[in-house]
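Whatever order the structure lists ligands and atoms in, that order sets their numbers, starting from 1.
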Amino acid sequence: MAVAVGKLMGFLFMMVISIAMVAANDPDMLQDVCVADLNAAVKVNGFPCKATFNASDFFSDALVKPGATNNSMGSLVTAANVQKIPGLNTLGVSIARIDYAAGGINPPHTHPRATEIVFVLEGELDVGFITTANVLVSKSIKKGEVFVFPRGLVHFQNNNGYGPAAVIAAFNSQLQGTQSIAMTLFGASPPVPDNVLTKAFQIGTKEVEKIKSKFAPKK
Ligand SMILES: *[C@@H]1O[C@H](CO)[C@@H](O)[C@H](O)[C@H]1NC(C)=O
């Protein structure tokens, strides 16, 4: 009897572990392909499948050219996710390129649905992520090198080099999602109340307003 209960407990434990493992990334596919119908009126978790598709649905030239980095952060993320490549629907992967001007930064942000792995195409970057125990894990990486940002953790890439830099970033999600910390808190619409931010950051209303003015949503 005790042995049987032990076996059952072991089986249940394995079930829980395997369910947890399945839930650790995009859900698995149930057919060969499910090319996203991006314009479908019906909303599901992901996108409904188009009835017909061809090679164009599995192709993108979005990453051929460097993105324009003449913005306040000096960087640009060019995504090739399910919104650009409908064939990625249900496949659990996507890719992007990130370009950085000299001195540019991809500011601290998180991807709620994906781990990210970057490959440096050009230049040098100081990169890092911060664990939930507030430990900074950081390193300088250069052309040809690879670095990993675990799912959900706040991370950044900073170009302290003298020239431009670029990476290819891969994600284990068809749509990794991005929350950029400063933009999320100071550029939300409708705005996050000032007194939430004064208390959270232990600063005054004037300072909050000043930061908000830099992240005001573009009209
Ligand atoms: C795929 O189909 C679309 C129309 O739905 C067409 O415009 C496009 O040229 C086709 N591409 C290929 C590679 O066949």
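As a member of the Ile/Leu/Val/Met/Phe/Trp/Tyr network built from side-chain separations under 4.5 Å, Ile168 groups with Leu63, Ile95, Ile117, Phe119, Leu121, Val146, Val148. Other residues sharing the hydrophobic cluster of Ile105, ordered by chain and number and joined by side-chain separations under 4.5 Å: Met73, Ile130, Leu136, Val154, Phe156, Ile181, Met183, Leu185, Phe186, Val192, Val196, Leu197, Phe201, Ile203, Val208, Ile211, Phe215.
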At less than 3.5 Å, what protein N or O atoms come close to the N or O atoms of ligand 1? Include the distances to 0.1 Å.
{"from": "ligand 1", "atom 1": "2 (O)", "to": "Asn54", "atom 2": "ND2", "distance (Å)": "2.4"}
{"from": "ligand 1", "atom 1": "11 (N)", "to": "Asn54", "atom 2": "ND2", "distance (Å)": "2.9"}
{"from": "ligand 1", "atom 1": "11 (N)", "to": "Ser56", "atom 2": "OG", "distance (Å)": "2.7"}
{"from": "ligand 1", "atom 1": "14 (O)", "to": "Asn54", "atom 2": "ND2", "distance (Å)": "3.1"}

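Taking the side-chain hydrogen bond (donor to acceptor under 3.5 Å, both in side chains) definition, one finds that Gln174 meets it with Asn89, sequence neighbours left out.
Lys139 has no carboxylate O lying under 4.0 Å from a charged side-chain N of Asp126, or vice versa, which leaves the two without a salt bridge. Contact check on Glu145 versus Lys142 returns a salt bridge, with a Lys/Arg side-chain nitrogen under 4.0 Å from an Asp/Glu carboxylate oxygen.
Between the side chains of Thr178 and His111, at least one donor-acceptor pair of N or O atoms lies under 3.5 Å.
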